[in-house]
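Beneath this line is the structure, given in structure tokens, with notes to follow.
Fair warning: this is a prediction, and the values are worked out from it, not measured in the lab. Both backbone and side-chain heavy atoms feed into the values below; hydrogens, waters and symmetry mates do not.
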Amino acid sequence: MINHSLAEKRESCGIVGIFCKKGNNAANFIYHSMIALQHRGQDAAGIAVYNKDKLRWKGGLGLVTEVFKTGFKINGGVGIGHTRYPTAGRLVLSDVQPVVYKNVAVAHNGHIANYEQMKEELEKRKIKLKSTVDSEIIAILLAEKAGDGIEAAVKEVMARLDGSFSVVALIDNYLVAFRDRNAIRPLVYGENDELLIFASESAGLDINNVEYSGEVVGGELVILGTDGKMIRKQVMPNTPRHCMFEYVYFSRPDSIINQRNVFEVRKRLGVELARECPVKADIVIPIPDTARTAAETFAKETKIGLEEGLIKNRYIGRTFIMPTQIKRSDAVRMKLNPIRSVINGKRIVLIDDSVVRGTTLREIVRLVKGAGAREVHLRITCPPIKAPCFYGVDMSTYKELIAHERTVEEIRKFLEVDSLGYLSIEGLKRAISLPLCTGCLNEDYPTETARAIAREKREDRNGCG
């Protein structure tokens, strides 16, 4: 289970690629970075290292510390790693990344929107996929074109795939990093005298004592050869539309992505929310953990006291029984416990990062009311999520989204709160101050395949696609 809120929102993975300038212990540094990126995916982990003209791979199901509890004793100066959370279905070993195909290994964060079309095309050419992950298609395309050069191979991927893809790859003994032209998913890099690291977030650099240097920009290819020299090429135009959810929810607050400090962005989200949705109340309580930073600035801006009114059980980890298996009320109580002395008789402002389906949040509201709250006012640092995501977030249908075809008042009644306020799209953009993908908020998808899939799903009377 993702170590943020209560598993209404899930994301696909974290990636890291490392070049060691002075030694052959890339796997050890990759392991450390994966620990720092564990929040991005907790169901599987894998490492691929190039060693003595061969790709060596180890991976498995579970946390990084579980998969590599006996270590990874393969020398190699260059390698990649991946932590994964499946966006749908049951995860099996064949889906664990990095994906290896011939002389190519790929670790990918994002989602290929035209995966089904590409799969069908490959199958017509008698290329049978061994997994259900779209990363395998990336690996196949790279391997097929690698004979024409790395730049040609990556250009083929960028031209033919629609969706989001931040990628680190090993092509023979070259470390390669690239990002889709819209730069939807993050990919940062840093360098010191010993290491050059690419990672989903700067936290993956910090753990190895490597300072953040910048980003792989949209449509850019970065190649590192055996000499460690970095070659950067703009393969496609850079037309950034960064995922707003990375700032609202996914990324660690101590990370930098797209040249923005996530902690500072979340502070601004709280300020904007307070200005747009003020309320008379006695105390502000964040729903652990992602909303805490925004709750602090909301409280300061509204001059309402901030309290820790909900305590999270941090020993309920990835084996936690999900609410589909037991009563949601029991599931919430296993994860959260209210402090009655803080809540009883008070007008409470609950701050949360976002609302996707709403069922778990309703149970949290009931928990707070059960602790004696006189009023409960809910404030959300993200605008209403009204449409599916086709770029790597686990919300793929209209039907599952509480804000689809419901008014704010209807949502308020469902959540059983006294008032409900969402941050506006304009306020979100002011807080992040970057070009954003807002497809899940207003159906403004940056790629054509995603727009076409959305149209098909809207036409389905049941909203199931």
Side-chain angles (χ1 to χ4, degrees), residues 1-2 4-12 85-89 110-111 113 163-164 184-185 241 243-250 269 273 277 287 290-291 322-324 328 331-332 350-365 378-417 419-429 436-447 449-465:
M1 179 178 175
I2 285 182
H4 279 310
S5 186
L6 288 172
E8 281 214 339
K9 303 165 285 291
R10 292 182 293 179
E11 210 267 347
S12 51
Y85 204 131
T87 54
H111 179 71
S164 62
I184 296 172
R185 296 277 156 233
R241 294 282 299 277
C243 175
M244 63 88 192
F245 235 33
E246 291 284 351
Y247 295 94
V248 169
Y249 176 75
F250 290 138
L269 289 171
L273 183 62
C277 304
I287 296 177
T290 322
M322 295 303 293
T324 53
R328 289 187 183 274
V332 169
L350 281 180
I351 306 292
D352 204 1
D353 53 79
S354 55
V355 187
V356 178
R357 298 166 184 88
T359 48
T360 299
L361 186 53
R362 180 170 62 180
E363 295 302 331
I364 295 174
V365 170
L378 186 61
R379 296 295 180 266
I380 308 297
T381 66
C382 175
I385 296 169
K386 298 181 177 181
C389 174
F390 308 111
Y391 301 122
V393 184
D394 183 25
M395 43 190 194
S396 58
T397 69
Y398 285 92
K399 189 168 93 171
E400 68 189 299
L401 306 174
I402 189 173
H404 176 60
E405 296 186 340
R406 286 190 181 92
T407 65
V408 172
E409 175 59 17
E410 288 170 335
I411 299 169
R412 181 196 70 78
K413 289 180 179 178
F414 175 84
L415 295 175
E416 302 173 5
V417 292
S419 73
L420 171 63
Y422 287 94
L423 184 63
S424 67
I425 295 178
E426 293 73 23
L428 180 80
K429 290 180 176 180
L436 299 176
C437 173
T438 56
C440 63
L441 307 179
N442 58 7
E443 299 183 293
D444 183 14
Y445 300 103
T447 67
T449 299
R451 291 192 288 268
I453 295 172
R455 286 193 295 270
E456 291 174 5
K457 287 180 178 287
R458 282 198 304 272
E459 290 167 2
D460 187 323
R461 287 184 304 172
N462 295 321
C464 298

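Pairing each heavy atom of Phe245 with each of Val356, the nearest pair is CZ-CG2, 4.4 Å. Minimum heavy-atom separation, Gly110 to Arg185: CA-CG, 3.9 Å. Between Thr290 and Val248, the shortest heavy-atom contact is CG2-O, 3.4 Å. Closest approach of Arg362 and Phe414 over heavy atoms only: CD-O, 2.8 Å. Of all non-hydrogen atoms in Ala113 and Ile453, the two that sit nearest each other are O-CD1, 3.6 Å. Here the closest non-hydrogen pair linking Ile380 and Asp353 is CG2-O, 3.7 Å.
Judged purely by atom type and a 3.5 angstrom limit, Thr438 has no side-chain atom pairing as donor or acceptor with the backbone of Leu441. Under a 3.5 Å cut-off, the side chain of Ser164 and the backbone N or O of His111 do form a donor-acceptor pair. A donor-acceptor pair under 3.5 Å is formed between the side chain of Arg412 and the backbone N or O of Val417. The backbone N or O of Thr407 lies less than 3.5 Å from a partner atom in the side chain of Glu410, making a donor-acceptor pair.
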Exercise. Quick one: do Ile411 and Tyr422 satisfy side chain to side chain contact (heavy atoms under 4.5 Å, CB included)? Show the steps, please.
Key: CA-CA 11 Å; Ile411 299 169; Tyr422 287 94; 3.6 Å; yes
Practice problem: Take Lys399 and His404, measure what side chain to side chain contact (heavy atoms under 4.5 Å, CB included) needs, and give me the verdict at the end. | Solution: CA-CA 7 Å; Lys399 189 168 93 171; His404 176 60; over 6 Å; no
Quiz prompt | Stepwise side chain to side chain contact (heavy atoms under 4.5 Å, CB included) check, Leu415 with Leu361 | solution = CA-CA 7 Å; Leu415 295 175; Leu361 186 53; 4.2 Å; yes
Exercise. Given side chain to side chain contact (heavy atoms under 4.5 Å, CB included), test Leu350 with Val365 step by step and report yes or no.
Key: CA-CA 8 Å; Leu350 281 180; Val365 170; 4.2 Å; yes
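Evaluation of the side-chain hydrogen bond (donor to acceptor under 3.5 Å, both in side chains) rule for Arg406 yields no partner, not counting sequence neighbours. Qualifying side chain to side chain contact (heavy atoms under 4.5 Å, CB included) partners for Ser419, counting only residues two or more places apart in sequence or in other chains: Val279, His377, Arg379. Legend: residues meeting side chain to side chain contact (heavy atoms under 4.5 Å, CB included) with Glu443, ordered by chain and number and at least two apart, are Ala387, Tyr398, Tyr445, Arg458. The side chain to side chain contact (heavy atoms under 4.5 Å, CB included) check on Pro446 picks up Asn182, Ile184, Arg241, Tyr391, Cys437, with sequence neighbours excluded. Contacts of Glu405 classified as salt bridge (Lys or Arg N to Asp or Glu O under 4.0 Å), with partners at least two apart in sequence or in another chain: none. When the side chain to side chain contact (heavy atoms under 4.5 Å, CB included) test is applied to Lys413, the partners found at least two apart in sequence or on another chain are Glu409.
Separating the CD atom in Glu400 from the OG1 atom in Thr359 is a distance of 10.5 Å, to the nearest 0.5 Å. The distance from the CG atom of Leu273 to the CD1 atom of Ile351 is 5.5 Å, given to the nearest 0.5 Å. Note that OH of Tyr249 and CG of Asp352 are 9.5 Å apart. Values are rounded to the nearest 0.5 Å. Considering CE of Met244 and SG of Cys440, their distance stands at 3.5 Å, rounded to 0.5 Å. To the nearest 0.5 Å, atoms OG (Ser354) and CZ (Phe250) are separated by 8.0 Å.
At a threshold of 4.5 Å between non-hydrogen side-chain atoms, the residues Lys386 and Asn442 do not count as touching. In this structure the side chain of Val355 reaches within 4.5 angstrom of the side chain of Ile402, judged on heavy atoms.
Between the side chains of Glu363 and Thr360, no donor N or O sits under 3.5 Å from an acceptor N or O.
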